[in-house]
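Comments concern the structure below.
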Amino acid sequence: MAVIVVLLLVWSTLASTALPPVIRIGAIFTEDQKDSSVELAFKYAVYKINKDRELFPNTTLVYDIQYVPRDDSFRTSKKVCRQMEFGVQAIFGPSDPILGAHIQSICEALDVPHLEARIDFEPLSKEFSINLHPSQEHMNKAFKDLMTFLNWTKVAIIYEEDYGLFKLQELVKAPAAARTEMYIRQAGPTSYRQVLREVRQKEIYKLIVDTNPRNIQKFFRAILQLQMNDYRYHYMFTTFDLETFDLEDFKYNSVNITAFRIVDVDHPKVKEILEVMEKFQPIGHAILNKSGIIQAEPALMYDSVYVFAKGLSDMNYNYSIKPMNLSCDVEKPWDDGLSLYNYLDSVRKLHSLTGNIEFNGGKRSNFKLDLLKLKKEEIRKVGQWTPAGGVNITDPNAFYESHAPNITLVVMTREERPYVMVKEEKNLTGNARYEGFCIDLLKCIAGQVGFQYSIRLVPDHMYGVYDPDTKEWNGIVRELMEKRADLAVASMTINYARESVIDFTKPFMNLGIGILFKVPTSQPTRLFSFMNPLAVEIWLYVLAAYMLVSFTLFVMARFSPYEWNNPHPCHQESDIVENQFSVSNSFWFITGTFLRQGSGLNPKATSTRIVGGIWWFFTLIIISSYTANLAAFLTVERMITPIESAQDLADQTDISYGTLEGGSTMTFFRDSKIGIYQKMWRFMESRKPPVFVKMYEEGVQRVLEGNYAFLMESTMLDYAVQRDCNLTQIGGLLDSKGYGIATPKGSPWRDKISLAILELQEKGVIQILYDKWWKNTGDVCNRDDKSKESKANALGVENIGGVFVVLLCGLALAILVAILEFCWNSKKNAQTDRQSLCSEMAEELRFAVRCHGSRQRPALRRSCTRCSPATTYVPAALDLPHINGDRLQGRLLSGGRHPAHDGHEEVADHLRRGHLAAT
Ligand code: ASP
């Protein structure tokens with residue numbers, strides 16, 4: 001038994017001395033890393049391992065450090081070869097990914113473990129490489145998981161190093177969600193601002209920033225200069241060193257800044273290591289960035305030395321190691337290299353600065369990244385990421401602060417009745433000072449969307465118009481453009497010009513431009529008021545119709561043979577025929593019937609009867625219309641309205657008119673392409689004293705003073721009209737538009753507020769608010785609606801013009817019938833007279849025309865002037881017995897020329913009888 005114990009002791013002593021007393025290691029640092037925290041961390045780790053003697057009590061680590069120029073792979077390779085000749089058992093560094101790849105190939109050729117802490121783009125594991133830095137594949141997965149968690153759909157990637165794009169290509173190739181839009185730009189200290197400006201213009205608010213940590217302050221400055229530091233922006237930094245940055249300028253302004261860290265400084269083990277390190281003077285302070293915080297690179301370097309030591313000590317139990325001087329020229333690999341590498345790759349149960357250390361094919365596995373986020377006052381851990389579990393958020397509110405009710409938005413507004421009014425009580429402060437429709441609406445929306453607000457009045461008291469001379473906006477629009485406010489809740493009209501520089505929500509109220517005018521005074525009663533029921537032109541047309549019809553009757557009666565009668569029917573022998581429709585009788589007949597009286601005259605011929613009938617119809621309509629409208633005129637109060645529409649305003653210059661200054665109503669006229677509005681604008685612009693007013697109240701006051709029309713928005717107009725019975729709206733609305741809540745361009749609040757407005761509209765809340773502020777305020781004036789609203793208008797051509805048409809048609813018919821009568825009679829006479837129809841007609845016509853002016857004419861004797869004395873004219877209208885009539889008439893008309901008869905007696909006899917029958 002004692003022999004066995006002695007043997008074991010001897011074996012264990014032999015085993016523990018399997019490591020040579022000195023193990024050489026080589027380290028490569030770039031020249032700019034000389035005396036840097038990375039180099040110091042390396043030296044400190046070696047010192048610590050040698051001093052503690054926990055891992056290998058009898059062996060000392062000896063290092064050889066070489067500095068190489070960055071990007072000089074030739075010199076770097078030469079230096080590494082020299083270290084190999086010197087007999088190093090491992091190479092550490094450098095952190096530069098390009099140089100690292102060169103050294104890797106030398107180590108691979110000579111079977112020397114290469115311990116590095118650099119970003120590795122290649123997904124495949126490389127022989128003899130132990131990389132403490134999490135692989136880029138894992139990093140990209142972590143970023144993608146976070147983007148998916150945060151639901152990013154539009155992302156900008158800003159990278160600095162040339163290999164940045166290569167590094168992040170996985171993010172670009174397979175975006176977190178298929179619909180993620182990526183905007184990728186390379187930027188350096190000189191172009192940070194320009195690139196960020198482009199990002200802002202593209203309205204991208206989520207950024208992945210892969211810039212050089214050394215230039216981070218310049219990047220931060222660009223963010224501040226461009227004011228890209230509000231709650232909308234989210235910067236995800238790829239660096240592990242967020243805690244080491246000065247984020248003082250970003251605290252309290254709600255900007256989202258996140259990053260992963262690999263050193264969990266809150267872990268007790270890590271805390272302990274850092275404490276010891278910090279106490280190690282004079283280099284402790286130089287390794288640590290600030291008390292208790294270390295950058296990732298020195299931490300990874302520190303850990304890589306420990307990994308080497310742990311692997312070596314693990315190997316030490318089973319394997320004796322024989323150091324060897326190697327040469328790049330001979331290329332003979334180190335025999336123990338592979339074994340050592342395998343021990344390093346299978347290091348377990350090592351918890352150091354970068355957490356649990358395990359490898360798989362030389363790459364970190366089973367590690368953890370903490371997710372950090374800048375909160376109000378400090379950076380806090382809000383979750384973690386592991387290759388197996390993905391993102392795990394431990395602070396559920398971490399990313400939703402912008403939606404939380406403690407966001408306070410600056411709401412710009414303008415005093416305007418009844419939208420925003422300042423309360424009269426003096427001791428009120430904050431939002432409590434204001435009341436009105438918009439204030440109530442804002443309260444509802446804020447409650448629904450979830451924000452707090454602070455109301456401010458716009459300094460220049462304008463809604464906002466673009467001044468083409470200065471090329472600048474003013475009023476609320478400018479405040480929003482310059483981001484001095486988050487919202488504008490006022491009676492802000494949505495129009496094209498404004499929408500191109502700021503955003504508007506869906507409209508919460510619809511309106512148009514109307515004309516406010518003073519209620520017209522009652523018309524004084526006039527002596528000739530009886531004329532009012534008919535328009536002047538109707539009176540003139542009636543007069544013209546009277547003349548025309550009278551004259552037509554006269555002419556027609558002269559031509560119609562049936563209007564010529566024997567004036568003395570008892571004296572049958574009389575050869576005189578008479579026409580009752582002389583000029584004066586015609587006028588008298590028409591006058592009498594027009595005034596619904598008799599005239600003692602009766603037309604006998606069909607044509608004249610048609611004239612009479614149609615005239616009676618005409619008078620019936622005119623007199624009934626006149627009577628009906630006169631009744632309306634006598635019961636309705638007449639108003640004098642000098643203007644009825646915008647056209648009336650434009651056509652005159654006596655009444656001046658204007659709009660609110662610096663508002664959309666003004667720009668409506670200024671920018672209009674419609675002739676009448678352009679004319680109105682020229683008038684308004686040139687008018688002295690100015691017709692523009694600063695406040696709506698001022699405009700209303702000017703209207704009340706008289707001789708002024710105020711062009712204002714219908715909502716405000718309704719409010720004014722409902723409250724003052726001396727005001728009225730003239731005509732209809734000139735346009736149609738809406739009020740919306742304005743936000744700066746790209747504001748995330750717009751859509752949410754639009755939704756809230758639609759909901760409030762559908763629930764009827766906006767209508768309730770309207771009624772509250774417009775109707776139920778108790779100061780609404782009582783208008784005698786009947787007398788003001790009902791108006792009797794003079795009847796014009798459009799109302800009774802038809803009756804004139806009927807009259808003209810009747811007259812035309814009568815003329816036609818008269819011509820037929822004339823022709824028919826002439827034809828008959830021509831047969832009897834055995835004359836040609838033409839000559840008979842010409843004779844009759846001449847007779848009718850020649851005997852003008854006399855009521856009587858001798859019965860047509862062909863001898864009267866030119867015809868034989870025995871010939872007598874007998875009108876066919878005499879109702880001679882029909883059977884004989886024609887025959888007789890024919891004979892009569894042939895008169896004395898018929899040899900068989902004494903025509904004279906017979907005609908007189910028939911005339912007598914005929915006339916009697918007719919009368
Ligand atoms: N509400 C209008 C505006 O937004 C004011 C006006 O011009 O009548 O400008």
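Atoms within a ligand are numbered from 1 in the order they appear, just like the ligands themselves.
- With no hydrogens or angles considered, no side-chain donor-acceptor pair links E713 and S491 at under 3.5 Å.
- Under 4.0 Å from any atom of ligand 1, one finds heavy atoms of residues Y463, S491, M492, T493, R498, L660, G663, S664, T665, Y696, E713, Y739.
- Residues L487 and I741 come closest through the heavy atom pair CD2-CG2, 4.4 Å.
- Between M509 and the options L769, T715, I757, a side-chain contact (heavy atoms from CB on, under 4.5 Å) holds for only T715.
- Neither side chain, Y434 nor T413, offers a donor N or O lying under 3.5 Å from an acceptor on the other.
- The backbone N or O of I455 sits less than 3.5 Å from a side-chain atom of N431, completing a donor-acceptor pair.
- Taking all atoms of both residues into account, the shortest heavy-atom contact from A432 to K423 is O-NZ, 3.2 Å.
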